[in-house]
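Everything quoted here is computed from the prediction, not taken from an experiment. Every chain is numbered from 1, with letters handed out A, B, ... down the list of sequences.
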2 protein chains.
Amino acid sequence: MLSKKCKYAIHALVHMARDPEEKFLIKDISEACNIPKKFLEAILLDLKRSGVLGSKQGKGGGYFLRMKPADVNLAEVVRQFDGAIALVSCAAHKFYEPCAECEDEETCTVHDAFLQIRNATVEMLKADTLESLVKKEAKLKARKKR
Amino acid sequence: MLSKKCKYAIHALVHMARDPEEKFLIKDISEACNIPKKFLEAILLDLKRSGVLGSKQGKGGGYFLRMKPADVNLAEVVRQFDGAIALVSCAAHKFYEPCAECEDEETCTVHDAFLQIRNATVEMLKADTLESLVKKEAKLKARKKR
DNA sequence: TTAATCCCTATTGAATTAATAGAGTTATAC
DNA sequence: GTATAACTCTATTAATTCAATAGGGATTAA
């Protein structure tokens, strides 16, 4: 399972991506997305440090998307907050660590099975960009109205 | 990521499925799979309680597979030890819990995205039975020799 | 100069995880 | 019928991580 921090980050980003040019107050995002304000503060700061968000301090300030919604995908966000996407460390790429149980990765089918799952998951997470998520949301909402 | 407990359980089961009729001592599995003995003890007991393993007490005793290797898949094992397979609780089936962030699941694309990932993951985990894992292992080992 | 706003460090409490300790129970073999 | 091998069970602990909060500090606009 994802950490709450990661899930909060995703919801905050999707919220901002609905108005990609807008500037947002922590307080407003916090209320709109049901995220504890102080916790969100740390999250947005992290996202700023990683270059996804920009910010302006002082009165009239706020956070805004620095990257284009189409260029931010969930795989990156998940990795930033929760690390490896794979279910076992020996099947991870960016956070790879060997494991003591399967001595020979080449012939370990547990490794093999989780590698397949990791690859499929990463592919799907990469396809989920802020842009695609917001677009799909519009579709779902329109469909529901009818 | 899976817990160590869950990963250990999987490796122990695969080890046993290589000789599905055999009876195994905790100590031997522990050494073969590099799993702390006392920890493994608890794991095998859990697997016995859930019906996957059987055991015989006393001298000459040990653990053995009660279910056929083809009938034990990784989805069940993961659920038994780590709970939900989905990355967010609102996308889980057996461990479903609503989330505060997406007010309306029907139109929440975050929910939608993680539901797709969950479904694909479950499908793959279900396809990974002890039988299929052991068979594939044989293939990988044969291929490596050549 | 005041108020709004983001920035930063530290702390805390709860929960979970990984592992161990140690005694209890059961079955076999002699 | 006793010794021994093996699983069974409860409890405990140490370490880690997670979620959240506290409390100022720095910056900017009006």
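Remark: C1' of D:dC7 and NZ of B:K23 are 12 Å apart, rounded to the nearest angstrom. B:I35 has its CD1 atom 13 Å from the C1' atom of C:dA18, to the nearest Å. The nearest whole Å value for the distance from the CD1 atom in A:I43 to the P atom in D:dT21 is 12 Å. Whole-Å rounding puts the A:L53 CG to C:dC7 C1' distance at 14 Å. Distance CZ (A:R49) to P (C:dC7): 9 Å, rounded to an integer number of Å. The CG-P distance, from A:L47 to C:dC6, rounds to 14 Å in whole Å. Distance A:K5 NZ to D:dT21 P: 14 Å, rounded to the nearest Å. For the pair B:I26 CD1 and D:dT8 C1', the computed distance is 9 Å after rounding to whole Å.
Of the residues in residues 73-94 of chain A, none has a non-hydrogen atom less than 4.0 angstrom from any atom of DNA chain C. Contacts of residues 12-20 of chain A with DNA chain C (heavy atom under 4.0 Å): none.
The closest donor-acceptor contact from the side chain of A:K7 to the backbone of A:M1 lies at 3.5 Å or more, if one exists at all. Looking only at distances, a side-chain donor or acceptor of B:S89 sits under 3.5 Å from a matching main-chain atom of B:E97.
Residue pairs meeting the side chain to side chain donor-acceptor pair (under 3.5 Å) criterion with at least one member in residues 24-34 of chain A, sequence neighbours excluded, do not occur. Residue pairs meeting the side chain to side chain donor-acceptor pair (under 3.5 Å) criterion with at least one member in residues 55-64 of chain A, sequence neighbours excluded, are A:K48-A:S55.
Of the side-chain N and O atoms in B:S55, none sit less than 4.0 angstrom from OP1 or OP2 of D:dA6. Distances shown here put a side-chain N or O of A:K48 below 4.0 Å from the OP1 or OP2 atom of C:dC7. Neither OP1 nor OP2 of C:dT16 sits under 4.0 Å from any side-chain N or O of B:S3.
Note: A:H11 NE2 to A:I29 CD1 = 13.5 Å, rounded to the nearest 0.5 Å. With rounding to the nearest 0.5 Å, the separation of CD1 in A:I35 from CD1 in A:I26 is 11.5 Å.
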Which atom pairs, one a donor and one an acceptor, fall under 3.5 Å between side chains of residues 69-78 of chain B and the rest of the protein, sequence neighbours left out?
from: B:N73; atom 1: OD1; to: B:A75; atom 2: N; distance (Å): 3.0
from: B:N73; atom 1: OD1; to: B:E76; atom 2: N; distance (Å): 3.0
from: B:N73; atom 1: ND2; to: B:E76; atom 2: OE2; distance (Å): 3.2

All N/O donor-acceptor pairs, side-chain side in residues 108-116 of chain A, below 3.5 Å, sequence neighbours left out:
from: A:T109; atom 1: OG1; to: B:L133; atom 2: O; distance (Å): 3.1
from: A:H111; atom 1: NE2; to: A:C90; atom 2: O; distance (Å): 3.0
from: A:H111; atom 1: NE2; to: A:E105; atom 2: OE1; distance (Å): 3.4
from: A:D112; atom 1: OD2; to: B:K136; atom 2: NZ; distance (Å): 3.2

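Considering all non-hydrogen atoms of both residues, B:L140 and A:E106 come closest at CD1-O, 3.7 Å.
Both A:F81 and A:M67 are members of a single hydrophobic cluster when ILVMFWY side chains are connected at heavy-atom separations under 4.5 Å.
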I'd like a list of close polar pairs between nucleotides 26-30 of chain D and the protein, N/O only, cut-off under 3.5 Å.
from: D:dT27; atom 1: O4'; to: A:Q57; atom 2: NE2; distance (Å): 2.6
from: D:dT28; atom 1: O2; to: A:K59; atom 2: N; distance (Å): 3.1
from: D:dA29; atom 1: OP1; to: A:K56; atom 2: NZ; distance (Å): 3.2

Protein-nucleotides 19-21 of chain C N/O pairs under 3.5 Å:
from: C:dA19; atom 1: OP2; to: B:Y8; atom 2: OH; distance (Å): 3.3

Could you go over nucleotides 14-16 of chain D and give all protein N or O partners under 3.5 Å, atom names and distances?
none

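Taking the salt bridge (Lys or Arg N to Asp or Glu O under 4.0 Å) definition, one finds that A:R49 meets it with A:D46, sequence neighbours left out. In this structure A:Y96 satisfies the ring pair (Phe, Tyr, Trp, His ring centres under 6.0 Å) test with no other residue, sequence neighbours excluded.
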Next on the checklist: Please determine whether salt bridge (charged side-chain N to carboxylate O under 4.0 Å, His left out) holds for the pair A:E123 and A:K126, giving the CA-CA distance in whole Å, both sets of side-chain angles, and the decisive distance to 0.1 Å.
Outcome noted: CA-CA 5 Å; A:E123 222 174 275; A:K126 276 194 182 163; over 6 Å; no

Checklist entry - So what's the dot-bracket for DNA chain C: Watson-Crick or G-U pairs under 3.5 Å, [ ] if a pair crosses, | if it pairs off-strand? => result ||||||||||||||||||||||||||||||

